Amino acid sequence: MLVPDISIGGCVIKAGQTRQVRLEVAKLYTDTDFSVPVHVIHTRKPGPKVFVSAAIHGDELNGIEIIRRLINLKTFKVTAGTLILVPMVNVYGVLYQSRYLPDRRDLNRSFPGSPKGSLASRLAHMFLTEIVSLCECGIDLHTGAIHRSNLPQIRANLMDTETLSLAKAFGVPVLLNANIRDQSLRQSAEEHNTRILLYEAGEALRFDEVSIRAGVNGVINVLAKLGMVRLRRKVKSFTPYIANKSSWVRANASGIFNSLKKLGDQVDKGTPLATIGSPFGEIIALVKAAQAGIIIGKQNIPLVQEGEAVFHIAFFSEPDNDVAEDIGMMQEALQTESPVLE
Ligand SMILES: [Zn+2]
């Protein structure tokens, strides 16, 4: 079967070609172009079309490094289908080291967008029509916010069995069955029948080595599951924990925040998570877990105001005593293992 050409950003890519193209979004007031760089691998063998995107939030940098490493990995060879890599969707935000576009518009709340809307809306529209709508599946790479770290995790619609099987293949310890937010990429993608895995790991404006390695391995594992790359041997697979709910624990006082727990720790209802102290040294409050679960996100800055979200805890319907131990083992494996490509 002959694989047809594809067209991205007005550029025709023939079967068997690997090309870099630019999606022109707008002209900036500096008289320079705002364009999104795209790396396309369009193989001769029929197969799924998949995109991997990073920096939809311009200050979330781990994903940029994940895509850079994939492109330069000598052993990484796409043998079927089409892979579209977009290392920086929100180029404007990357330039300003900011999550947002002008007017503090959040790109992930600007879908489906319009060619006549705000800059965020135009970018959303272009990304959706040029990239997302071509693909059966997409992996969108994110990190925690500024001063907040996330345990490597996949958020997706796990009620869909195909999405669930891809999420499991990614190979991170925790899968979160996350609700769709209005005007998010996931919402618009689903309307185009594009399945989305959202990878969350690490912190904004930082590179986190474990998160990056887990991301590189995860993307490769999903592509292998889809038959687009071949693995030399079967990867050691862990059974991830599936959470249907999560919530933030908030600081119950203002002061110096001293965390007693780390990402991946298992907590019970009432477990002390952190102390909050005065500048004079005495402890004025204890932050406790409201429910049993696993810490999947936490604040890193050691200062808090009352009401600030400090720990993100995922809840599991079937609590298991070994969750924390398993997560520890999985994290250790991610630190040492590299992808096992053919
Ligand atoms: Zn994000």
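These numbers come from a predicted model, not from an experiment. Both counts, for ligands and for their atoms, begin at 1 and track the order of listing.
Restricting H142 to its N/O/S atoms, the shortest distance to the Zn ion (ligand 1) is reached by ND1. Among heteroatoms of the N, O or S kind in H57, ND1 lies nearest the Zn ion (ligand 1).
Formation of a donor-acceptor pair under 3.5 Å by the T194 side chain with backbone atoms of S133 is not found in this model.
Between R105 and D103 there is a salt bridge, with a side-chain nitrogen of the basic residue lying less than 4.0 Å from a carboxylate oxygen of the acidic one.
With a cut-off of 2.8 Å, the Zn ion (ligand 1) has an N, O or S atom of E60 in range.
Residues N221 and F170 fail the side-chain proximity criterion, which asks for heavy atoms closer than 4.5 Å.
Between H57 and H142, the two ring planes are perpendicular [angle over 60°; tilted spans 30° to 60°].
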